[in-house]
Amino acid sequence: MKRIITVFLVFLSMQINAQDLKHLNDVASNDGIPRGKAIIYGNFIQRLGFSSGGFPQDIRLINTETKEVFSFRVKPTFKSSKENIFIYTIEPGNYAILNYWWTNSNWYGGKMYTEYIFKNTDTTDGFEDKVNAGLINIDELERFTFKITENSLNYLGTWHFKTPPVSFTDDKVILDKKMKDRYKAIDFSKANLVIPN
């Protein structure tokens, strides 16, 4: 019963928190690149590991041209693995990473966090207080951005979100070996290198 209530509360919180979000679609093992769209993939190293308590974790992106906000899952529900592979279809466009949405499991449930993502900035340590005190000017902070072209396959790197500030590395060769056996219709050797910068 406790697990059913937990699942219900997680689902409810995602629905409330995601009213204007568009969710990216997973790529099935026999899918290719959809006409007029693109595929993004990479590896995500999460913040919590086992203490995530099986709660999901998401990344939110904004298309800087259309201002549409997109969400994709970087850590599945009921998984506690530190690293998780992601692969999604996406519309072509210019994107910026908005935030990282995660839940820290406690004995009484979980506490949800929306962590804003900026270059070279730790937004977990009293960030809002520093902004309110005028110590940090949000307009001067830079977001990580990347560009996706139509009908393309794009490797977005390994996303290091274990500790702030976040960073990205190129581990394409290693990840491609893991991906090619599962996704037979995709030639990962032809992927564009699109590390957020």
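All of these numbers come straight from a predicted model, not from anything done at the bench.
Under the side-chain hydrogen bond (donor to acceptor under 3.5 Å, both in side chains) criterion, the residue pairs touching residues 188-197 are N154-N192, D187-S189, with sequence neighbours excluded.
Among residues two or more places apart in sequence or in another chain, the salt bridge (charged side-chain N to carboxylate O under 4.0 Å, His left out) test is passed with E150 by none. By the salt bridge (charged side-chain N to carboxylate O under 4.0 Å, His left out) test, D171 is found to be paired with no residue, residues two or more places apart in sequence or in another chain being considered. With sequence neighbours left out, E83 forms a salt bridge (charged side-chain N to carboxylate O under 4.0 Å, His left out) with no residue at all. With sequence neighbours excluded, the residues forming a salt bridge (charged side-chain N to carboxylate O under 4.0 Å, His left out) with K37 are E91, listed by chain and number.
With a 4.5 Å cut-off between side-chain heavy atoms of Ile, Leu, Val, Met, Phe, Trp and Tyr, the cluster of V131 takes in Y116, F118, F127, I136, I138, L141.
If you take CD on Q46 and NZ on K75, they are separated by 5.5 Å, rounding to the nearest 0.5 Å. In this structure, D122 CG and K130 NZ are separated by 7.0 Å, a value rounded to the nearest 0.5 Å.
Each of I85, V27, L175, L156 was evaluated against Y41; a single residue qualifies, L175, per the side chain to side chain contact (heavy atoms under 4.5 Å, CB included) test. A side chain to side chain contact (heavy atoms under 4.5 Å, CB included) with R60 holds for exactly one of I117, L21, I97; it is L21.
Note: F168 and F146 fail the aromatic proximity criterion, with ring centroids not under 6.0 Å apart. Proximity of the aromatic rings of F72 and Y88 is defined here by a centroid distance below 6.0 angstrom, and this criterion is met. Proximity of the aromatic rings of F86 and W159 is defined here by a centroid distance below 6.0 angstrom, and this criterion is met.
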Steps toward side chain to side chain contact (heavy atoms under 4.5 Å, CB included) verdict (I87, F188): CA-CA 12 Å; I87 181 166; F188 290 98; 4.2 Å; yes

Criterion side chain to side chain contact (heavy atoms under 4.5 Å, CB included) on N30 and K184, from CA distance to verdict: CA-CA 6 Å; N30 58 346; K184 304 275 188 201; over 6 Å; no

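Between P56 and T77 the shortest side-chain heavy-atom distance falls below 4.5 Å.
Of the possible polar contacts, one joining the Y100 side chain to the R47 backbone as a donor-acceptor pair under 3.5 Å is found. A donor-acceptor pair under 3.5 Å is absent between the side-chain atoms of Y95 and the main chain of L61, judged by distance alone.
Linking ILVMFWY side-chain heavy atoms closer than 4.5 Å, directly or via other members, places I59 and I45 in two distinct hydrophobic clusters.
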